[in-house]
Amino acid sequence: MREHQELLPLLTVAGGPMRGLSFRLGPARLVIGRSSSVDVVVHDPHLSRRHAEVWLDPEGATLLDLGSTNGTWLNDRRITGVERLVDGDVIRLGRTDLRFFDPGLARTDPVGLSFGALRRDHRPTLPLPIAPDRAGAADALPAGAART
């Protein structure tokens, strides 16, 4: 996998003070927190110094709360032990949301747009309205109207 880093799972800060920051997961355990001595420093005063740990093993990505004060939340559920991550999961640490994207199993893109059937814990987004086609509008007549 070293030669194809783009295929490694990705955590992206989707909400919070460091929105847009991304980091790749690998077999090494990464500690996330606000201390300068952790692997992934997140500048959020609501995080513990050593808040959570995430890593990749042969079965997939794994998340663990490290006894944080405010807890680690996975899809709006507070976790108490080791949890497996699946593509599209949202992890909340303090006031920071991280979105998990696994390009090998992707059902979403890195910002969370779904490619497959909706999951029970997925928060759907509304589609943007599409502007009417102005070129075809001149040819269209209201119901019951006749051309002159």
Side-chain angles (χ1 to χ4, degrees), residues 1-140:
M1 274 299 210
R2 286 183 181 216
E3 64 275 4
H4 298 290
Q5 292 289 317
E6 67 278 3
L7 296 178
L8 291 174
L10 180 72
L11 278 177
T12 301
V13 180
M18 297 180 68
R19 187 177 181 157
L21 173 77
S22 293
F23 58 95
R24 298 261 177 211
L25 300 183
R29 290 178 177 239
L30 298 177
V31 176
I32 305 169
R34 63 180 168 83
S35 171
S36 60
S37 66
V38 300
D39 303 302
V40 179
V41 179
V42 178
H43 302 291
D44 180 342
H46 301 277
L47 261 68
S48 295
R49 287 179 180 85
R50 294 176 49 86
H51 197 100
E53 192 172 50
V54 65
W55 68 94
L56 188 60
D57 61 27
E59 287 81 40
T62 306
L63 174 69
L64 173 67
D65 181 72
L66 296 175
S68 63
T69 302
N70 293 326
T72 298
W73 299 75
L74 179 60
N75 300 321
D76 295 326
R77 178 182 54 83
R78 189 172 185 161
I79 66 168
T80 57
V82 174
E83 294 281 338
R84 287 284 178 200
L85 298 175
V86 297
D87 184 64
D89 278 347
V90 176
I91 302 164
R92 190 172 72 237
L93 311 170
R95 294 197 177 155
T96 299
D97 288 339
L98 303 169
R99 181 169 298 280
F100 178 72
F101 171 67
D102 188 344
L105 304 170
R107 294 185 56 176
T108 65
D109 71 3
V111 295
L113 298 175
S114 180
F115 294 142
L118 291 178
R119 294 189 345 226
R120 190 177 48 144
D121 57 346
H122 178 74
R123 289 182 246 159
T125 57
L126 296 175
L128 294 174
I130 298 173
D133 181 16
R134 300 245 181 234
D139 296 335

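What you are looking at is a predicted structure, and each value in this text was computed from that prediction instead of being measured. This chain uses plain numbering: 1 for the first residue, then up along the sequence.
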Asker: Mind listing the closest non-hydrogen atom pair of L25 and A61 along with its distance?
Answerer: CD1-CB, 3.9 Å
Asker: Could you check if a side-chain atom of L93 sits within less than 4.5 angstrom of a side-chain atom of V42, using non-hydrogen atoms only?
Answerer: no
Asker: Return the minimal non-hydrogen interatomic distance between L64 and W55, and the atom names on each side.
Answerer: CB-CZ3, 4.0 Å
Asker: Evaluate the side-chain proximity of L66 to I32: yes if any heavy-atom separation is below 4.5 Å, no if none is.
Answerer: no
Asker: Out of curiosity, R78 CZ to R92 CZ, how far, rounded to the nearest 0.5 Å?
Answerer: 10.0 Å
Asker: Shortest non-hydrogen contact from S22 to T12?
Answerer: OG-OG1, 2.9 Å
Asker: Does any non-hydrogen side-chain atom of I91 lie less than 4.5 Å from one of L85?
Answerer: yes
Asker: Test of understanding: with side chain to side chain contact (heavy atoms under 4.5 Å, CB included), list the residues that count as partners of S68, not counting sequence neighbours.
Answerer: S48, H51, D65, T72
Asker: Only pairs at least two apart or in different chains count here, so list each salt bridge (charged side-chain N to carboxylate O under 4.0 Å, His left out) that has a residue in residues 28-50.
Answerer: R29-E53
Asker: As an exercise, state the distance from CG of N75 to CZ of F100, rounded to the nearest 0.5 Å.
Answerer: 11.5 Å
Asker: Check side-chain hydrogen bond (donor to acceptor under 3.5 Å, both in side chains) between S37 and all other residues, then give those that pass, not counting sequence neighbours.
Answerer: S35
Asker: Around atom CZ of R84, are there more than 12 heavy atoms of other residues, nucleotides or ligands at under 6.0 Å?
Answerer: yes
Asker: May I ask you to decide if A14's main-chain N or O and D97's side chain share a donor-acceptor pair within less than 3.5 Å?
Answerer: no
Asker: Looking at every heavy atom in both H43 and V41, which two are closest together, and how far apart are they?
Answerer: CE1-CG1, 3.7 Å
Asker: Quick one: CG on D89 to CG on L98, what's the gap to the nearest 0.5 Å?
Answerer: 11.5 Å
Asker: Begin from the C-alpha positions of W73 and I79 and carry the test side chain to side chain contact (heavy atoms under 4.5 Å, CB included) through to its verdict.
Answerer: CA-CA 6 Å; W73 299 75; I79 66 168; over 6 Å; no
Asker: For R95, what residues pass the side-chain hydrogen bond (donor to acceptor under 3.5 Å, both in side chains) criterion, not counting sequence neighbours?
Answerer: H46
Asker: Does the side chain of V86 come within less than 4.5 Å of D102's, by heavy atoms?
Answerer: no
